[in-house]
Amino acid sequence: MLTRRPRRNRKSAVIRDLVQETHIAPRDLIYPLFIMEGENQQTEIKSMPNIYRFTIDRALEEIAECVELGVQTFAPFPIVLDGLKDKYATESYHENSLYLRAIREIKQQFADICIVSDVAMDPYSSAGHDGIIENGKILNDETLEILARMAVAQAEAGADIVAPSDMMDGRVGYIRKELDDAGFTDVSIMAYTAKYASAFYGPFRDALDSAPRFGDKKTYQMNPANAREALIEAQLDFEEGADFMMVKPALPYLDVIRSLRDNFQTPIVAYNVSGEYAMIKAAAERGWIDGERAMYETLLSIKRAGADIVLTYFAKEFAQMYQNM
Ligand code: PBG
């Protein structure tokens with residue numbers, strides 16, 4: 001007779017529940033929100049079924065629905081009008097910019113939720129890049145000052161966590177110091193620690209109209225072939241004061257999530273990006289996979305790999321499903 005029969009632990013639904021190692025709840029998820037100018041409007045993003053660009057008033061309604069479902073953390077991204085984009089992303093720290101207004105209004109209505117704000121030049125940059133450009137080169141240190149101004153402006157507007165998403169060197173330390181000098185010692189930094197130059201950002205760039213106007217992002221975002229390099233990035237972000245460290249995208253980089261989890265003690269965040277969302281939605285629409293099960297399995301696998309928190313366009317849909325689980 002067999003002494004070890006692993007199937008015994010799978011024999012009923014109750015036992016399967018009892019031995020389940022990984023759990024996800026809506027509170028583990030961060031929901032991205034695309035914010036646009038205007039009133040009382042929302043437009044669906046073609047490559048992301050069921051994900052919308054919202055005017056601020058509509059975003060407030062969406063947040064209210066999510067809060068009801070147990071989602072408590074939101075990551076807004078702005079759709080900046082073309083005429084407001086320039087070489088230095090100056091719109092990013094103008095007090096009345098769409099983004100800063102949105103953060104203020106959200107925090108005013110929902111004092112208890114958590115806002116993760118995006119610190120990056122690309123939505124405001126006429127070139128669609130994440131840094132200042134000179135002679136076709138993306139400058140590093142010159143860009144830091146703009147990022148810090150942006151971060152302080154977002155903290156003033158009420159952001160709980162600022163998230164530098166551009167892979168510039170030294171940004172976490174620079175932003176930490178500028179936040180502290182401005183009195184925002186309580187504002188956390190979620191570092192996009194290992195962000196890869198990925199094909200999976202396509203739908204996001206469509207949503208924001210933020211695709212680079214020339215070249216690509218390979219001099220700052222990481223080479224998909226590299227895993228050890230992520231540990232160098234993590235070491236630096238940790239030393240510079242990152243409160244959270246992120247891996248992005250999620251599914252093609254589960255090994256990197258695991259490696260950061262095993263080597264660092266900060267919470268690890270995974271960004272389940274637009275292209276990962278779009279793939280599941282597209283296949284489900286064709287009836288090729290069961291979209292709801294694929295969503296659950298995807299989120300589970302990301303947590304199982306070691307992520308504590310998942311930034312995902314599925315947050316609301318998962319929270320709806322969770323109510324009936
Ligand atoms: C850039 C940024 C990107 C995403 C979030 N912030 C894309 C890029 O590097 O061009 C992509 C997120 C997604 O695809 O869901 N600051």
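On a predicted model such as this, the values are computed, not experimentally measured, just so you know. Just follow the structure's listing: the first ligand is 1, and inside any ligand the first atom is 1. Count residues from 1 along the sequence.
- Under the ring-ring contact (aromatic ring centres under 6.0 Å, His included) test applied with Phe34, the options Phe54, Phe204, Tyr52 reduce to a single match, Phe204.
- Residue-level contacts of ligand 1 at the 4.0 Å heavy-atom threshold are Ala120, Asp122, Asp130, Ser165, Lys195, Phe200, Tyr201, Phe204, Arg205, Lys217, Gln221, Lys248, Tyr271, Val273, Ser274, Tyr313.
- A salt bridge is absent between Lys303 and Asp308: the closest approach of a Lys/Arg side-chain nitrogen to an acidic carboxylate oxygen does not fall below 4.0 angstrom.
- Ion pairing of Glu44 with Arg53 is absent here, as no side-chain N (NZ or NE/NH1/NH2) approaches a carboxylate O to less than 4.0 Å.
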Taking only distance into account, with no hydrogens and no angle test, what donor-acceptor pairs under 3.5 Å do side-chain atoms of residues 282-294 form with protein atoms, sequence neighbours excluded?
{"from": "Asp290", "atom 1": "OD1", "to": "Glu292", "atom 2": "N", "distance (Å)": "3.1"}
{"from": "Asp290", "atom 1": "OD1", "to": "Arg293", "atom 2": "N", "distance (Å)": "3.2"}

Please table the atom pairs, donor to acceptor, closer than 3.5 Å between any side-chain atom in residues 72-86 and protein atoms at least two apart or in another chain.
{"from": "Lys85", "atom 1": "NZ", "to": "Asp209", "atom 2": "O", "distance (Å)": "3.1"}
{"from": "Asp86", "atom 1": "OD1", "to": "Tyr88", "atom 2": "N", "distance (Å)": "3.0"}
{"from": "Asp86", "atom 1": "OD1", "to": "Ala89", "atom 2": "N", "distance (Å)": "2.6"}
{"from": "Asp86", "atom 1": "OD1", "to": "Thr90", "atom 2": "N", "distance (Å)": "3.1"}
{"from": "Asp86", "atom 1": "OD2", "to": "Thr90", "atom 2": "OG1", "distance (Å)": "2.4"}

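- Among residues two or more places apart in sequence or in another chain, the side-chain hydrogen bond (donor to acceptor under 3.5 Å, both in side chains) test is passed with Asp243 by none.
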